[in-house]
Amino acid sequence: MTEKSPVSAGRIAFLGLGHMGEPMAVNLIKAGFDVVGFDVVPAAMAAATEAGVPCATSAAEAVTGASVVLTMFPSGAILLDAYRGAGEPGLLEVAPPNTLFLDCSTIDVAQAREAAELTVAAGHRSADAPVSGGVVGAEAGTLTFMIGAEESEMEQLTALLEVMGKKLVHCGGHGAGQAAKICNNMLLGISMIGAAEAFVLGEKLGLSHQALYDVISTASGQCWAVTTNCPVPGPVPASPANRDYVPGFAGALMAKDLGLALNALEDAGVAAQLGPLAAQIYRKFADEGGAGRDFSGIITDIRDGSQA
């Protein structure tokens, strides 16, 4: 059998079974892959088990005997601690030689490259493949994966990732996937603020949401923040605005990603103005009640801060 066959892929240890990780793991199982999961949050473990994901009692147990270790963690610090171990053997020590460590978290570019260096030094293989598409994309298997890896890893990566996503982009070597994700989400945050300001201005000028949507969605202002994740209810029935901004992509995650972008902008010496401002706006949004709301809920802050 070829590497593209689920049977030949070996066991996949899927670590991080939250809102994104669980449906991704379920899609791998549905495609015939041998998956064992683990999450440090008991509720996530229970939900994943209910969804049909076999779970181990520890990360080390899940990784033992695995051919692939797929991680979906909240931060780069957590990833590095898991790889190294904290008072106990880390994942890199527990895993069989030449295991593919595939990180789908969204983390700092420097941390992604450090994780890759540690992985290769321990006798394993490394790839970063952060995702775009949110929970809806994870459930539907339509995510976009931005891949940072050696060309030699792409056949195996493609066989895994095409089960969970519809668009795979090989962005370059280690860390390149994270770099692409940070650039993409910086633009997304900026464009959502712009879309929200446009709709609030339209309200003030007497335009209906539908009329303004009909113009923007087919004119030069067209963008994903309007056509897919419209910040007002009505024009796009599936957007979180129709569910009182239940995410979706939470404000806390956008604040986190824009913080990563801010670090990258400073490290690279980019003379950016909108990226840092967007980071400031979303940090305030997350800190003042928007952390668990969809990031398109930023429109409520703009509306509340506007003159009557």
Side-chain angles (χ1 to χ4, degrees), residues 1-17 20-37 53 62-63 65-73 76 79-80 82-83 91-92 95-107 109 111-134 137-184:
M1 292 186 178
T2 68
E3 189 64 62
K4 294 183 179 180
S5 166
V7 176
S8 68
R11 172 164 292 183
I12 301 169
F14 202 118
L15 309 181
L17 299 170
M20 294 290 292
E22 178 200 301
M24 291 167 67
V26 168
N27 284 334
L28 285 170
I29 291 169
K30 288 180 178 178
F33 288 93
D34 179 14
V35 176
V36 59
V53 180
V63 169
S67 297
V68 177
V69 176
L70 194 161
T71 45
M72 180 64 85
F73 289 163
L79 177 73
L80 291 171
Y83 277 14
L91 302 182
L92 296 177
N98 203 40
T99 296
L100 175 61
F101 277 77
L102 170 59
D103 182 44
C104 293
S105 319
T106 297
I107 65 175
V109 175
Q111 290 175 320
R113 289 172 177 161
E114 182 180 356
E117 290 172 0
L118 290 171
T119 301
V120 173
H124 303 299
R125 295 171 292 133
S126 178
D128 53 285
V131 306
S132 179
E139 292 173 344
T142 57
L143 295 168
T144 292
F145 286 92
M146 293 148 272
I147 306 167
E150 299 298 326
E151 183 64 42
S152 58
E153 307 297 348
M154 286 304 299
E155 182 178 359
Q156 183 178 12
L157 288 169
T158 298
L160 291 172
L161 299 180
E162 67 184 3
V163 172
M164 300 176 285
K166 68 175 183 179
K167 180 72 172 180
L168 313 182
V169 181
H170 186 200
C171 300
H174 297 146
Q178 296 295 348
K181 175 67 183 289
I182 288 172
C183 292
N184 179 79

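- At least one donor-acceptor pair under 3.5 Å links the side chain of K181 to the backbone N or O of V131.
- Between L118 atom CG and S126 atom OG the span is 9.5 Å, to the nearest 0.5 Å.
- L91 is listed as a side-chain neighbour of L15, based on a closest heavy-atom distance under 4.5 Å.
- Nearest heavy atoms, V69 versus T99: CG2-CG2, 3.8 Å.
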Exercise for the section: Output, in order, the C-alpha distance, side-chain angles, deciding distance and verdict of side chain to side chain contact (heavy atoms under 4.5 Å, CB included) for L157 and H170. Expected result: CA-CA 10 Å; L157 288 169; H170 186 200; over 6 Å; no
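- A149 approaches A127 most closely through the heavy-atom pair CB-CB, 3.7 Å.
- Considering CZ of F73 and CG of L80, their distance stands at 10.5 Å, rounded to 0.5 Å.
- Between the side chain of H124 and the backbone N or O of T119 there is no donor-acceptor pair closer than 3.5 Å.
- Heavy-atom minimum distance, A138 versus L143: N-CD2, 3.5 Å.
- For the atom pair CG of L161 and CD1 of I147, the computed distance is 5.0 Å after rounding to the nearest 0.5 Å.
- H174 contributes no side-chain N or O that, together with a main-chain N or O of E114, makes up a donor-acceptor pair within less than 3.5 Å.
- Inter-residue side-chain proximity for L92 and F101 is flagged as met; some heavy-atom pair is nearer than 4.5 Å.
- Under the 4.5 Å side-chain criterion, counting only non-hydrogen atoms from C-beta, I12 is not in contact with L102.
- Heavy atoms only, all atoms of each residue included: G175 and D128 are closest at N-OD1, 2.7 Å.
- The line from NZ of K167 to CE of M146 is 11.5 Å long, rounded to the nearest 0.5 Å.
- The closest donor-acceptor contact from the side chain of Q178 to the backbone of I107 lies under 3.5 Å.
- Between L100 and E153 there is a side-chain heavy-atom pair separated by less than 4.5 Å.
- Scanning all heavy atoms of the two residues, the minimum distance from A129 to F145 falls at O-CD2, 3.5 Å.
- Distance alone, capped at 3.5 Å, places no donor-acceptor pair between the N27 side chain and the M164 backbone.
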Exercise for the section: Check the pair F33 / V68 against side chain to side chain contact (heavy atoms under 4.5 Å, CB included), numbers first and verdict last. Expected result: CA-CA 11 Å; F33 288 93; V68 177; over 6 Å; no
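- One distance of note links CE of M20 with OG of S105; it measures 10.5 Å at 0.5 Å rounding.
- Residues V53 and F14 form no side-chain contact, since every pair of their non-hydrogen atoms from C-beta on lies 4.5 Å or further apart.
- When all heavy atoms of A62 and A66 are compared, the closest pair comes out as O-CB, 4.0 Å.
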